[in-house]
Number of protein chains: 2
Amino acid sequence: MRVSARGDYAVRAALALAARYPATVSTQALADEQRLPRKFLEAVLADLRRADVVRAVRGCDGGYQLTREPRQVAVATILRAVDGPLAEVRGMRPEQVTYAGSAQHLSELWVAARSALRDVLDEVNLAQLATGRLPSRVRRLAATPDAWQPR
Amino acid sequence: MRVSARGDYAVRAALALAARYPATVSTQALADEQRLPRKFLEAVLADLRRADVVRAVRGCDGGYQLTREPRQVAVATILRAVDGPLAEVRGMRPEQVTYAGSAQHLSELWVAARSALRDVLDEVNLAQLATGRLPSRVRRLAATPDAWQPR
DNA sequence: AACCGATCCTACTTGCTCGGTAGGCATTGT
DNA sequence: ACAATGCCTACCGAGCAAGTAGGATCGGTT
């Protein structure tokens, strides 16, 4: 799983919007709060707008606001909007790659891995993430003995 | 999760080696069986050798062989050898990124997602994958209703 | 000693993506 | 009119991904 700067910034901006929901917040304010490069963040927010995650308000006192309640927005939705599909194999969807011979069952593994990812990222929403009250299954994953150890 | 061509090829080559374990197989034979570009595969196998997943035999009738039994080799080991860590956020390990303000709990989510990935990729080995007898938890993940549907 | 099939090493190419910057136009409340 | 904001296009430098090319080296066979 590779979360790009775009993905990271997008989630952080969305969290900042969730914290002030349903207020409208300017790019500058979001950039300041999360210490993000303003111009780059602009491009990221444009992605979120095209994905209908946020709505833009132009003109003086403009900015962005979530199009729906924080708890209605899954983190996966945000990541997909800016980084594309959660899982890809050689640039293709896991279910689209096919294998021959001894690799026959490989796509089943890719699909399972994607499914595991979805079970985390599609199930956590902005409200939970903002308050830190993650679903118990997710909390358990992060609490396993060496979950915080690199491998 | 982004599996590159390197990662895909590496797992397929390893599976082909597992199928013939403990025989020595040439790059050419591996490339033929899985239809991979030979020269590129050479570079991938070099990675696996440096990670001590395979051993190279030089000279006539040379090739590669697994350094241990197929069931002792996790898929994650192969992916890490050629693609680096399973999960990265902005080029860093999930446990290394820190956040302020409304994004405070974000690293917990990244760690949970990585943990979920590990629970699949670190638990499946070449023997299971070659025979298709995946662990029941993994099989269940791939069998959930819309696991094979794109989102 | 010669040969042949194999790995190994270095270099190169081509195209794409990533992260970010710059400038200016369009919109809107005051 | 003005100022603050979003919107759009273009650009840049660095790095990476996916190969390709050519040859050096090794080692068993003849």
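Each chain gets a letter, A, B and so on, in the order its sequence line appears, and its residues count up from 1. Keep in mind that this is a model prediction, so the values were computed, not measured.
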| message | Whether B:Arg6 contacts D:dC16 is assessed here as follows: a side-chain N or O lying under 4.0 Å from the phosphate OP1 or OP2. Is that the case? | response | no
| query | Do B:Asp52 and B:Thr67 have side-chain atoms, one donor and one acceptor, less than 3.5 Å apart? | reply | no
| said: For a 4.5 angstrom cut-off between non-hydrogen side-chain atoms, does B:Met1 reach B:Leu121? | reply: yes
| request: Examine D:dA18: is either OP1 or OP2 under 4.0 Å from a nitrogen or oxygen in the side chain of B:Tyr9? Give yes or no. | output: no
| Full working for side chain to side chain contact (heavy atoms under 4.5 Å, CB included) between A:Leu36 and A:Val44 | CA-CA 11 Å; A:Leu36 309 177; A:Val44 173; over 6 Å; no
| request: Check every strand shown and say whether B:Arg2 touches a base, only sugar-phosphate, or nothing at a heavy-atom separation below 4.0 Å. | output: nothing
| In Å and rounded to the nearest 0.5 Å, what is the CD to CG distance from A:Glu33 to A:Leu17? | 9.0 Å
| Does the pair B:Arg80/B:Asp122 count as a salt bridge with the N-to-O cut at 4.0 Å? | yes
| task | Could you check which residues of residues 15-43 of chain B get a heavy atom under 4.0 Å from DNA chain C? Sort them by number, please. | result | B:Ser26, B:Thr27, B:Arg38, B:Lys39, B:Glu42
| field | Strand-adjacent residues in residues 56-69 of chain A, judged by heavy atoms under 4.0 Å from DNA chain C | value | A:Arg58, A:Gly59, A:Cys60
| said: Distance check needed: D:dC26 C1' versus B:Arg49 CZ, whole Å only. | reply: 13 Å
| task | Keeping the roles fixed (side chain from B:Ser115, backbone from B:Val111), state whether a donor-acceptor pair exists under 3.5 Å. | result | no
| request: Verify, without hydrogens or angle tests, whether A:Arg49 (side chain) and A:Ala56 (backbone) share a donor-acceptor contact under 3.5 angstrom. | output: no
| What residue among A:Val54, A:Ile78, A:Leu15, A:Asn125 forms side chain to side chain contact (heavy atoms under 4.5 Å, CB included) with A:Val73? | A:Ile78
| request: Mind calculating the distance between CZ (B:Arg55) and C1' (C:dC8) to the nearest angstrom? | output: 17 Å
| said: If you compare every side-chain N and O of A:Arg50 against the phosphate oxygens of D:dC7 (OP1, OP2), does one of them come in below 4.0 Å? | reply: no
